[in-house]
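Worksheet for the structure shown next.
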Amino acid sequence: MENRRSFLLKSVLALVSFYFMGGMRRIFAGKIPVKTTKPAKALVVWFSQTGHTERIGRIIGHRLSREGLQVTTADHRDVDKNILPGFDIIVAGSPVYYYDVPVTFKQWLEGIPEIKGTAVASYSTFGGPGHNQHNTACSLSELLAEKGGVPMGCETFGNMSTFAPTWSTGRIERIVRYRHLPDVNTYEKARKFAGTVLANVKEGKEREIDFECTIFTPLKHMGTAWWTKKVALDKHVIDKNLCIQCGACEEKCPVGAINISKFSIDNEACIFCVGCVNICPVQAHDMVFMGKKVYGFREFLKRQDITIVEPDELKKS
């Protein structure tokens with residue numbers, strides 16, 4: 001368990017590294033040839049809680065399926081790591097979590113077996129104007145490349161933010177400014193991305209992945225989630241009177257911090273993704289952030305009369 005001293009030390013080291021290295025610009029391509037230019041099987045895997053990242057992943061999978069590939073699409077928590085070497089293409093997607101890939105998805109990718117020569121691609125989803133979304137997508141490709149994957153592309157997709165403390169503390173305008181996202185253009189971009197990745201694979205045309213030098217590069221190493229939770233989170237418990245024990249929050253909690261049978265939350269293990277608040281259908285998670293009661297994404301959509309436009313191919317499936 002890390003304490004404040006270790007976080008401060010990490011923060012200082014990150015800033016020093018950022019200053020002397022001029023940020024991070026990493027390129028990986030051409031190290032390993034792609035194992036086949038005639039792909040037959042593809043896996044699209046993601047981390048998603050409110051549905052934005054999953055929606056993009058399913059569109060990518062649908063497009064690859066239309067091109068004749070046998071496609072598996074799933075949340076990474078529902079995928080056996082050992083099956084990954086059996087795919088010709090692997091696409092990984094995640095939201096931007098405190099300027100980076102969600103820690104649990106990163107750990108999952110670090111634990112997959114070698115996939116030498118497998119074509120890989122990545123995408124990130126981000127709320128509002130976004131922060132470090134390109135580098136987040138690059139990080140996913142890098143994690144796959146470290147296992148022997150051959151990068152074929154990375155992309156980013158914007159949507160309305162789902163970080164509940166933002167609207168709950170009164171900053172609604174910065175959220176509803178992007179209420180139209182994702183839209184039909186977002187979905188068309190996802191289809192084109194899938195087509196480009198497939199074309200690159202068939203041509204054996206790996207892509208160089210460049211990390212951008214941004215002010216957010218050091219911030220992702222500074223324990224932002226931990227500090228936010230410690231400084232601004234006043235309360236987080238489960239209201240027994242409201243909870244219907246559906247188990248959705250327990251199932252989706254990425255670190256297993258929720259025990260719904262005991263109405264308990266391990267606040268030390270919690271990584272403050274706020275997914276439980278967003279997922280709960282009855283607002284039973286009693287969270288107070290900076291003195292304000294936090295309400296979830298479903299409730300926010302209802303209060304603002306917002307309906308997310310679904311892509312045509314997912315309506316039919």
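Counting from 1, the numbers follow the sequence of the chain as shown. What you see is a predicted model; the values in this text were computed from it and never measured. Hydrogens, waters and symmetry mates are skipped; everything else that's a heavy atom, side chains included, is used.
In the model, Lys35 has a side-chain atom that pairs as donor or acceptor with a side-chain atom of Thr118 under 3.5 Å. Counted by atom type alone, Thr186 and Asn159 present zero donor-acceptor pairs between their side chains at under 3.5 Å.
To the nearest 0.5 angstrom, Ser161 atom OG is 11.5 Å from Phe126 atom CZ. To the nearest 0.5 Å, atom NE2 of residue His285 and atom CD1 of residue Ile238 are 4.5 Å apart. Distance CD/Gln283 to CG/Leu242: 9.0 Å, rounded to 0.5 Å. For the atom pair Ser48 OG and Arg55 CZ, the distance stands at 8.0 Å (nearest 0.5 Å). The CZ atom of Phe163 lies 10.0 Å from the CZ atom of Arg174; values are rounded to the nearest 0.5 Å. Separating the CG atom in Asn278 from the CZ atom in Phe300 is a distance of 10.5 Å, to the nearest 0.5 Å.
Atom CZ of Arg171 sits in a crowded spot, with more than 12 heavy atoms from other residues, nucleotides or ligands closer than 6.0 Å. Surrounding CD of Gln70 are at most 12 heavy atoms belonging to other residues, nucleotides or ligands under 6.0 Å away. Around NZ of Lys302, the count of heavy atoms belonging to other residues, nucleotides or ligands within 6.0 Å does not exceed 12.
In this structure a side-chain-to-backbone donor-acceptor pair under 3.5 Å is missing from Arg298 to Val282. With hydrogens and angles ignored, the 3.5 Å screen pairs a side-chain donor or acceptor of Lys229 with a backbone N or O of Cys270. In terms of modelled atom types and a separation under 3.5 Å, the side chain of Arg207 and the main chain of Cys154 share a donor-acceptor contact. Distance alone, capped at 3.5 Å, is enough to place a donor-acceptor pair between the Arg77 side chain and the Lys252 backbone. Using modelled atom types, no side-chain atom of Ser141 and backbone atom of Cys138 make a donor-acceptor pair closer than 3.5 Å. Formation of a donor-acceptor pair under 3.5 Å by the Asp266 side chain with backbone atoms of Ala269 is found in this model. Checking side-chain atoms of Gln133 against main-chain N and O of His131 turns up a donor-acceptor pair under 3.5 Å. Judged purely by atom type and a 3.5 angstrom limit, Ser168 uses its side chain to pair as donor or acceptor with the backbone of Ala164. A donor-acceptor distance shorter than 3.5 angstrom exists from the side chain of Trp167 to the backbone of Tyr295, with no hydrogens or angles considered.
With Lys189 as the fixed residue, the side-chain contact (heavy atoms from CB on, under 4.5 Å) test singles out one of Ile59, Thr156, Ile56: Thr156.
Val201 and Ile32 fall within the same hydrophobic cluster, defined by Ile, Leu, Val, Met, Phe, Trp and Tyr side-chain heavy atoms under 4.5 Å apart, directly or through other members. Grouping the Ile, Leu, Val, Met, Phe, Trp and Tyr side chains by contacts below 4.5 angstrom, directly or via other members, places Ile60 with Ile308. Transitive grouping of hydrophobic side chains (ILVMFWY, heavy atoms separated by less than 4.5 Å) brings Phe47 and Leu109 into a common cluster. Taken together through direct or relayed side-chain contacts under 4.5 Å among Ile, Leu, Val, Met, Phe, Trp and Tyr, Tyr98 and Phe297 form parts of separate hydrophobic clusters. Val103 and Leu233 end up in the same hydrophobic cluster when Ile, Leu, Val, Met, Phe, Trp and Tyr side chains are linked at under 4.5 Å.
Ring planes of His76 and Trp108: perpendicular class, angle over 60° (limits at 30 and 60°). Taking the six-membered ring where tryptophan is involved, the planes of Tyr99 and Phe216 are essentially parallel, since the angle between them stays under 30° and well short of 60°. Ring planes of Phe289 and Phe272: parallel class, angle under 30° (limits at 30 and 60°).
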key: side chain to side chain contact (heavy atoms under 4.5 Å, CB included) between Thr125 and Val96, intermediate numbers included   = CA-CA 6 Å; Thr125 58; Val96 179; over 6 Å; no
ask   = After noting the C-alpha distance and the side-chain angles of Thr136 and Ser124, does the key distance pass the side-chain hydrogen bond (donor to acceptor under 3.5 Å, both in side chains) rule?
value = CA-CA 6 Å; Thr136 297; Ser124 71; 5.4 Å; no
key: Test log, rule salt bridge (Lys or Arg N to Asp or Glu O under 4.0 Å), inputs Lys106 and Glu110   = CA-CA 6 Å; Lys106 183 181 293 186; Glu110 289 172 343; 6.0 Å; no
key: Worked check of side chain to side chain contact (heavy atoms under 4.5 Å, CB included) between Leu43 and Lys41   = CA-CA 7 Å; Leu43 169 68; Lys41 294 181 65 179; over 6 Å; no
request  = Decide side chain to side chain contact (heavy atoms under 4.5 Å, CB included) for Ile172 and Gln304; before the verdict, give the C-alpha distance in whole Å, the side-chain angles of both, and the deciding distance to 0.1 Å.
outcome  = CA-CA 9 Å; Ile172 294 176; Gln304 299 299 319; 3.9 Å; yes
request  = Determine, stepwise, if the pair Val255 / Thr104 fulfils side chain to side chain contact (heavy atoms under 4.5 Å, CB included).
outcome  = CA-CA 7 Å; Val255 292; Thr104 50; 3.6 Å; yes
key: Glu155 and Lys192: CA distance, side-chain angles, deciding distance, salt bridge (Lys or Arg N to Asp or Glu O under 4.0 Å) verdict   = CA-CA 10 Å; Glu155 190 55 271; Lys192 288 181 178 179; over 6 Å; no
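Between Pro254 and Cys273 there is a side-chain heavy-atom pair separated by less than 4.5 Å. No side-chain heavy atom of Cys280 sits less than 4.5 Å from a side-chain heavy atom of Cys249. Contact of the Leu69 side chain with the Ile89 side chain is registered, since non-hydrogen atoms from C-beta on lie closer than 4.5 Å. Using a 4.5 Å heavy-atom cutoff, the side chains of Asn135 and Thr214 are in contact. The closest side-chain heavy-atom distance from Val309 to Pro182 is not below 4.5 Å. Within the 4.5 Å cutoff, the side chain of Ile260 has heavy atoms near those of the Cys243 side chain. Within the 4.5 Å cutoff, no side-chain heavy atoms of Asn200 are placed close to those of Val34. Contact of the Arg191 side chain with the Pro311 side chain is registered, since non-hydrogen atoms from C-beta on lie closer than 4.5 Å.
Here the closest heavy-atom approach between residue Ile115 and residue Ile112 is recorded as CD1-CD1, 4.3 Å. Closest approach of Lys147 and Glu114 over heavy atoms only: O-OE1, 2.9 Å. Here the closest non-hydrogen pair linking Tyr97 and Ala225 is OH-CB, 3.5 Å. Closest approach of Ile209 to Pro151, counting heavy atoms only: CG1-CB, 3.8 Å. The minimum heavy-atom distance between Asn82 and Pro85, with the atom names listed, is O-CD, 3.4 Å. Closest approach of Leu144 to Ala121, counting heavy atoms only: CD1-O, 4.1 Å.
Looking at Lys293 and Asp286, a side-chain N of the basic residue comes within less than 4.0 Å of a carboxylate O on the acidic one, giving a salt bridge.
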